[in-house]
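Here is the structure we will look at, set down as structure tokens.
What you see below is based on every heavy atom in this structure, not just the backbone, and it leaves out hydrogens, waters and symmetry mates.
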Amino acid sequence: MTLSILLGTYFLTFKDFIFTTEPVFLGLFVVGLFLALSLNLKIQRYLFISEVMVFIPFLLFLTPETVTVVIALVYLVFSKRNRIIRAAFSYLMYSFGTFLYYLMPIDFLKIPTFVFGALCLNLVMNYFFSPLEIKKELKPFFLSAILTLTLSIVISFAYIFPEIKVSNLIFLFLEYSLVSYVMIEYIKHYNVTLIEKIEYENLKNEHENLLELRKIIYSDKKDVNENLKELMKTICKVSGFNVALMSLFDKSSDRVVRVAHHGLREEDFKRAAKNPPKMSDVIKYFNKRFNVDEVYFIPNGVTLFDSSLIFLIPERNRFEYENAWQPEDLLLVPIEDEQSNIIGYISFDVPKSGLRPTSHDLKFLRFVSWIVYEFLKKTPYLKYWISDQNVYLKNISFPEFIRLCENIIESSYSSVLVRVDIDNFDKINFEKGPEYAETISDYIEKYFYEKFSSISVFYKLTGEEFIFLFSNISKMSAINYLDRMREDVKQKFPEVTLSVGISYSEEREKSLQELLRESKNALIVAKKSGGGRTMVL
């Protein structure tokens, strides 16, 4: 900014500085600039510098250095956002235009040269601050330049009139107004056509990537993390965001677990994973105040954020147009289970359009979050939302449990699969009634949840038989846990004994099917030997 002011001052004082003090022209010029600032005229998603339509005819009556200074002052006073920066940049742009204006010896070309210099410097500055965006979208810049230069050539015909007459000026300004009107209508038509094209491309993109999401969900790949990377990448494609971060709530530790991402630098993701925020620091943003179509959008300036919740990416671009996405904006898409409990969320950032999301975008992201939940149900991350007693066991099918176990085994260095059976359950049910038998079954289920849910996943096959999988513990540790469980159950229900069958795998040497078969055989041996025993194969 300081450099812009210094360079601008050099260009402006290259020749004698002459400031026009005619109050009528100055007053009309300021009013025109103020109206131009309120005119929201865009080419594609770039704001058209509409003040050019005002200052071009005034260059017939005001010196270019007067135009430069007044425009900078008007930006400084009336601009709604980043007024100092915009004033400094406009000062540099039009100062360079003034420099070229005085270098041009032909009067007819002075105004077009002024405009050309300002546009060139505008392009240079945009390229300096947003090189990737400018490379991809040069068309709207060139279109803007052509329309602006056309206006400057039209007004320059004043220099070829043999004499200054009111009739000549009226004709000139009518012609200028007509060209300006055509230009504005063309820009509007261009944007409408562009929007239709963008909508078509978006629909096509959504269709293709939704099919890709389906492939990932039903993929046969064993590597969960690899599938998650592909999932996040495809979600970014289909949603139109460059950055996405998936997090889950770990209620046992009251922490937010970073699961996967796309678009972040690995060092940023690792930093976030090592310093997870508390659940309570995040949950407060999931309230009705920020709820839009079941998605939570917290715009910049509404509240202060914890630095661990969002990433301020220095390389991102900032644009000056209405509804532009700001670096501090926060978009959280909740991941919910079947009971509408929030078990995690996906935070999105850096939209490819540079705009804040529309209502359609938010509804679509809500649908995507459901797809993510369906995928996560088949991964070891399922353990993070085992929150309430029995909920986990009653809301997962046996095939889903099998898929979960397969993923756990693939990501663990050791696995212990256990089958537990209540001995003589039918006899207890007949002699003491089904209510008593159900009490025993519920107690064991509750015991599993309270004692082992942090180190295992489990499933209730029937009222008398349970199956659960320990991961990353030794076989002896599992046996000690189960012996303690049998003693506790015996103390609570003296007439009840448990038979236990155990199978063990280290370094993924056995598949889940082998573990299931061995544990079943071990359970059969334990029951045939009289029950109330633990058998290991």
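- The shortest heavy-atom contact between Val500 and Ala526 is O-CB, 3.9 Å.
- For the side-chain contact (heavy atoms from CB on, under 4.5 Å) criterion with Leu515, the lone passing option out of Leu417, Ile502, Val418 is Leu417.
- A 6.0 Å sphere centred on NZ of Lys229 holds no more than 12 heavy atoms belonging to other residues, nucleotides or ligands.
- Annotation: side chain of Ile235 is not in contact with side chain of Leu365 (no heavy-atom distance under 4.5 Å).
- Using bins of under 30°, 30° to 60° and over 60° for the plane-to-plane angle, the ring pair Tyr481/Phe452 lands in the tilted bin.
- In the displayed structure, Gln491 atom CD is contacted under 6.0 Å by at most 12 heavy atoms of other residues, nucleotides or ligands.
- Electrostatic pairing of Lys460 and Asp442 counts as a salt bridge here, judged by a charged N lying under 4.0 Å from a carboxylate O.
- The 12-atom threshold is not exceeded at NZ of Lys475, counting heavy atoms of other residues, nucleotides or ligands nearer than 6.0 Å.
- Contact of the Glu464 side chain with the Asn429 side chain is not registered, since no non-hydrogen atoms from C-beta on lie closer than 4.5 Å.
- Note: Tyr296 and Phe290 fail the aromatic proximity criterion, with ring centroids not under 6.0 Å apart.
- Using a 4.0 Å cut-off between a side-chain N of Lys or Arg and a carboxylate O of Asp or Glu, Asp488 and Lys492 do not qualify as a salt bridge.
- Residue-environment remark: CZ (Arg484) stays at or below the threshold of 12 foreign heavy atoms within 6.0 Å.
- Contact of the Tyr345 side chain with the Val256 side chain is registered, since non-hydrogen atoms from C-beta on lie closer than 4.5 Å.
- If you run side-chain contact (heavy atoms from CB on, under 4.5 Å) between Val295 and each of Leu362, Ile346, Leu332, only Leu362 comes through.
- The number of heavy-atom neighbours closer than 6.0 Å to CZ of Phe430, taken from other residues, nucleotides and ligands shown, is 12 or below.
- Under the 3.5 Å distance criterion, the side-chain polar atoms of Asn472 are matched with a main-chain donor or acceptor of Tyr413.
- Shown here are the salt bridge (charged side-chain N to carboxylate O under 4.0 Å, His left out) partners of Arg517, two or more places apart in sequence or in another chain: there are none.
- Judged by distance alone, with hydrogens and angles left aside, the side-chain atoms of Arg255 form a donor-acceptor pair with the main-chain N or O of Pro276 at under 3.5 Å.
- In this structure, Glu514 contributes its side chain and Ser511 its backbone to a donor-acceptor pair below 3.5 Å.
- If you check the side chains of Ser499 and Asp423, you find a donor sitting under 3.5 Å from an acceptor.
- When all heavy atoms of Ile335 and Met246 are compared, the pair lying nearest together is CD1-CG, 4.1 Å.
- Summarising the geometry, atom CD1 belonging to Ile343 is positioned 12.0 Å from atom OG belonging to Ser247; distances are rounded to the nearest 0.5 Å.
- The CG atom of Leu331 sits 8.0 Å away from atom CD1 of Ile298, with the distance rounded to the nearest 0.5 Å.
- Relative orientation of the Phe468 and Phe470 rings is perpendicular, given thresholds of 30° and 60° on the angle between their planes.
- A distance-only check finds a donor-acceptor pair linking the side chain of Ser414 to the backbone of Ile473 [under 3.5 Å].
- Using a 4.0 Å cut-off between a side-chain N of Lys or Arg and a carboxylate O of Asp or Glu, Lys278 and Asp281 do not qualify as a salt bridge.
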